[in-house]
Structures are given as structure tokens and as C-alpha cells.
Amino acid sequence: MSPHAPGCTSEAIVALVRARITDGEYPAGSPVRDGALAKEFNVSRNTARESLSLLRHAGLLTQEPNRGFFVSTFGIDELKDLYRARRVFEIRAVQESQDATDEAMAAVEASVVRAETAPKNETWADAQEHSVSFHRAIVGLLGSPLLDEFYLNLMARLSTTFSRSPEPGKYHSHWANPHRDILEKMKSGDRQGAEGLLRIHLDDSEASTLDLARSVGEGR
């Protein structure tokens with residue numbers, strides 16, 4: 001069903017709003033209006049409000065009395081916790097990658113190829129998608145729809161900080177080589193080597209994200 005068709009479900013609206021947060025279209029602190037969504041997706045305001053409430057429960061939005069919903073902003077301690085969760089999922093996925101399906105491994109490789117063949121002047125949203133799609137595909141190696149959904153929300157939270165970089169495209173573009181190296185280690189069966197590279201990669205990513213958060217005033 002088209003998201004703009006009558007009868008669009010709350011879950012479909014949640015997925016689209018979450019994607020807009022991840023892509024930076026809805027930046028941290030910006031309002032998300034239930035009335036505007038109801039009109040855009042041709043649903044009742046109750047349906048739109050239900051969708052935003054689901055995103056609030058997922059931690060992507062906050063709700064203020066008489067003001068509505070806003071994209072969440074995350075401080076240093078919250079960002080550190082998000083990276084702890086990332087390590088649990090992604091490292092476990094690499095450790096158990098021998099059990100992954102061929103389709104799941106192909107998704108990892110496809111994400112790497114897309115990043116490697118992307119134009120140098122790609123938009124921030126494209127650079128962001130390449131980075132997120134690789135890590136989403138890594139978690140996908142576990143074959144758990146529940147973890148996939150949780151991870152989508154986790155990365156959307158982190159994206160509210162990523163999008164505040166003064167040069168967001170450059171922020172993500174330097175991750176492509178580590179992605180290829182991690183993939184090649186997994187393909188060769190060197191899961192310990194892949195895990196080591198992933199740990200370094202996530203450590204570097206966390207340090208960059210925390211530095212960015214402090215530079216834009218989120219360092220509480």
C-alpha cells in the first residue's frame with residue numbers, strides 16, 4: 001500500500017518518519033506535526049498521533065505538553081550507551097557469520113559495493129545511507145527480524161547527531177575502506193580478524209560521534 005493512500009497504517013508512517021530522521025530530513029530538535037502528517041498521508045490525526053507515540057516509545061521523539069512532538073537530542077552518556085548496544089549486536093553478528101545465509105552475506109557485500117562506486121559529490125543522505133546500510137546488513141547476518149527492527153531505531157537515534165556535522169558527507173565517506181576490510185575477513189572465514197577490525201571501526205566511530213556531539217553543544 002502507498003504511504004499516501006487512504007488507510008495507510010501507523011506502522012507505515014512510523015517507518016517513513018524514522019527514515020526521515022535517519023536521513024537528516026527531520027534534524028534533532030525539530031518539530032514533527034501530527035496535523036501535517038495526517039494531511040500528507042491522508043489519515044486521521046489520531047492515526048498520525050498514534051504513529052508519533054510509537055516513535056516516542058522507541059526514543060526517537062519527545063513530547064511536550066501543548067507543543068507536540070520533537071526529534072530527540074542525545075547527550076554524551078546516551079550516545080555511549082547506543083554504542084554499547086551497537087557492539088553487542090554487530091560483534092555477535094560477525095562472530096556467528098558462519099551461520100549467515102548467502103542472501104544475508106550478499107546484502108553486506110552489496111552495501112560495500114554501493115559505497116565504493118558512489119560519486120564523490122554524493123549528498124549527505126546518500127553517504128549516510130551507505131554507512132547505515134552496511135551496519136544494518138551486518139546485524140542482518142543474525143537473521144532476526146526483531147533485532148533488525150531494534151537496530152533501525154538505534155541507528156536513527158545516532159543519526160540525529162551525525163546530521164549535525166558541518167560536513168556530514170565527509171563524516172561518513174571515510175568509513176568505506178574499513179567496511180571492505182571487514183567484509184573480506186568474513187568471506188575468508190577469519191571471523192576473529194573481522195571482529196578485531198569491527199571493534200576498531202566502532203571505537204573510531206564512537207570517538208568521532210562524541211567529538212561531534214561536544215562540538216555542537218550536546219555534551220551534557
Side-chain angles (χ1 to χ4, degrees), residues 2-5 8-83 85-86 121-133 135-136 148-173 175 205-220:
S2 166
H4 301 273
C8 178
T9 65
S10 293
E11 290 77 8
I13 297 173
V14 164
L16 283 163
V17 173
R18 179 173 57 201
R20 291 175 179 178
I21 294 172
T22 302
D23 292 344
E25 184 177 344
Y26 292 167
S30 65
V32 183
R33 306 298 187 195
D34 54 19
L37 286 173
K39 183 176 180 180
E40 178 182 359
F41 297 116
N42 196 21
V43 297
S44 69
R45 289 192 68 170
N46 282 340
T47 297
R49 196 173 297 118
E50 177 186 349
S51 303
L52 298 183
S53 293
L54 291 171
L55 289 164
R56 178 176 61 83
H57 287 300
L60 300 180
L61 300 178
T62 59
Q63 185 176 14
E64 299 182 15
N66 303 316
R67 295 194 64 208
F69 294 89
F70 297 82
V71 178
S72 298
T73 300
F74 299 97
I76 295 298
D77 288 342
E78 294 162 309
L79 292 171
K80 288 180 177 179
D81 199 32
L82 291 171
Y83 271 92
R86 284 191 69 176
N121 62 342
E122 66 179 349
T123 65
W124 175 81
D126 289 335
Q128 162 80 344
E129 172 57 23
H130 293 148
S131 179
V132 171
S133 67
H135 293 280
R136 188 168 61 235
D148 290 343
E149 177 72 14
F150 186 91
Y151 194 78
L152 283 173
N153 289 328
L154 188 158
M155 290 305 293
R157 294 190 196 190
L158 284 175
S159 295
T160 64
T161 297
F162 297 159
S163 63
R164 302 187 72 181
S165 170
E167 296 183 288
K170 290 184 179 180
Y171 181 80
H172 289 286
S173 63
W175 300 129
S205 176
E206 179 178 11
S208 295
T209 302
L210 296 180
D211 287 344
L212 174 59
R214 293 185 180 102
S215 73
V216 297
E218 293 178 8
R220 64 182 187 271

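What you are looking at is a predicted structure, and each value in this text was computed from that prediction instead of being measured.
Side-chain contact check for Ser208 versus Asp211: every heavy-atom pair is 4.5 Å or farther apart. A heavy-atom distance below 4.5 Å is not found between the side chains of Leu158 and Phe74. Under the 4.5 Å side-chain criterion, counting only non-hydrogen atoms from C-beta, Leu55 is not in contact with Phe69. Between Leu61 and Ile21, the closest side-chain pair of non-hydrogen atoms falls below 4.5 Å. A 4.5 Å side-chain heavy-atom check between Ser72 and Glu78 finds every atom pair outside the cut-off.
For the atom pair OG (Ser30) and CD (Glu25), the distance works out to 9.5 Å, reported to the nearest 0.5 Å. Between the OG1 atom in Thr62 and the CG atom in Leu52 there is a gap of 11.0 Å [rounded to 0.5 Å]. Here the CG atom belonging to Leu210 is positioned 9.5 Å from the CG atom belonging to Asp77, to the nearest 0.5 angstrom. To the nearest 0.5 Å, atoms CZ (Arg49) and CG (Leu54) are separated by 13.0 Å.
Taking the salt bridge (Lys or Arg N to Asp or Glu O under 4.0 Å) definition, one finds that Asp148 meets it with nothing, sequence neighbours left out. Scored by the side-chain contact (heavy atoms from CB on, under 4.5 Å) test, Glu50 finds Ser10 as partners (sequence neighbours excluded). Arg18 is linked by a side-chain hydrogen bond (donor to acceptor under 3.5 Å, both in side chains) to Glu149, Asn153, counting only residues two or more places apart in sequence or in another chain. With sequence neighbours excluded, the residues satisfying side-chain hydrogen bond (donor to acceptor under 3.5 Å, both in side chains) with Ser44 are Thr47. For Glu11, the side-chain contact (heavy atoms from CB on, under 4.5 Å) partners two or more places apart in sequence, or in a different chain, are Thr9. Among residues two or more places apart in sequence or in another chain, the side-chain hydrogen bond (donor to acceptor under 3.5 Å, both in side chains) test is passed with Arg136 by Glu129. Taking Arg33 as the reference, nothing meets the side-chain hydrogen bond (donor to acceptor under 3.5 Å, both in side chains) condition, with sequence neighbours excluded.
Residue Ser51 comes nearest to Val14 through the heavy atom pair O-CG2, 3.5 Å, listed as atom of the first residue, atom of the second, then distance. Ala28 and Thr160 get closest at one heavy-atom pair: CB-O, 3.8 Å. Closest heavy-atom contact between Ser205 and Arg86: OG-NH1, 3.9 Å. Smallest separation of non-hydrogen atoms from Val43 and Ala48: CG2-N, 4.2 Å.
No donor-acceptor pair closer than 3.5 Å links the side chain of Thr161 to the backbone N or O of Ala213.
With salt bridges taken as basic N to acidic carboxylate O contacts below 4.0 Å, none links Asp23 and Arg20.
No more than 12 heavy-atom neighbours from other residues, nucleotides or ligands sit within 6.0 angstrom of CZ on Phe150.
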Discussion item. Using the rule given for side chain to side chain contact (heavy atoms under 4.5 Å, CB included), can you reason through Phe41 versus Leu16, listing the C-alpha separation, both sets of side-chain angles and the distance that settles it, and then say yes or no?
Written reply: CA-CA 10 Å; Phe41 297 116; Leu16 283 163; 3.8 Å; yes
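Residue pairs meeting the salt bridge (charged side-chain N to carboxylate O under 4.0 Å, His left out) criterion with at least one partner in residues 56-65, sequence neighbours excluded, are Glu64-Arg67.
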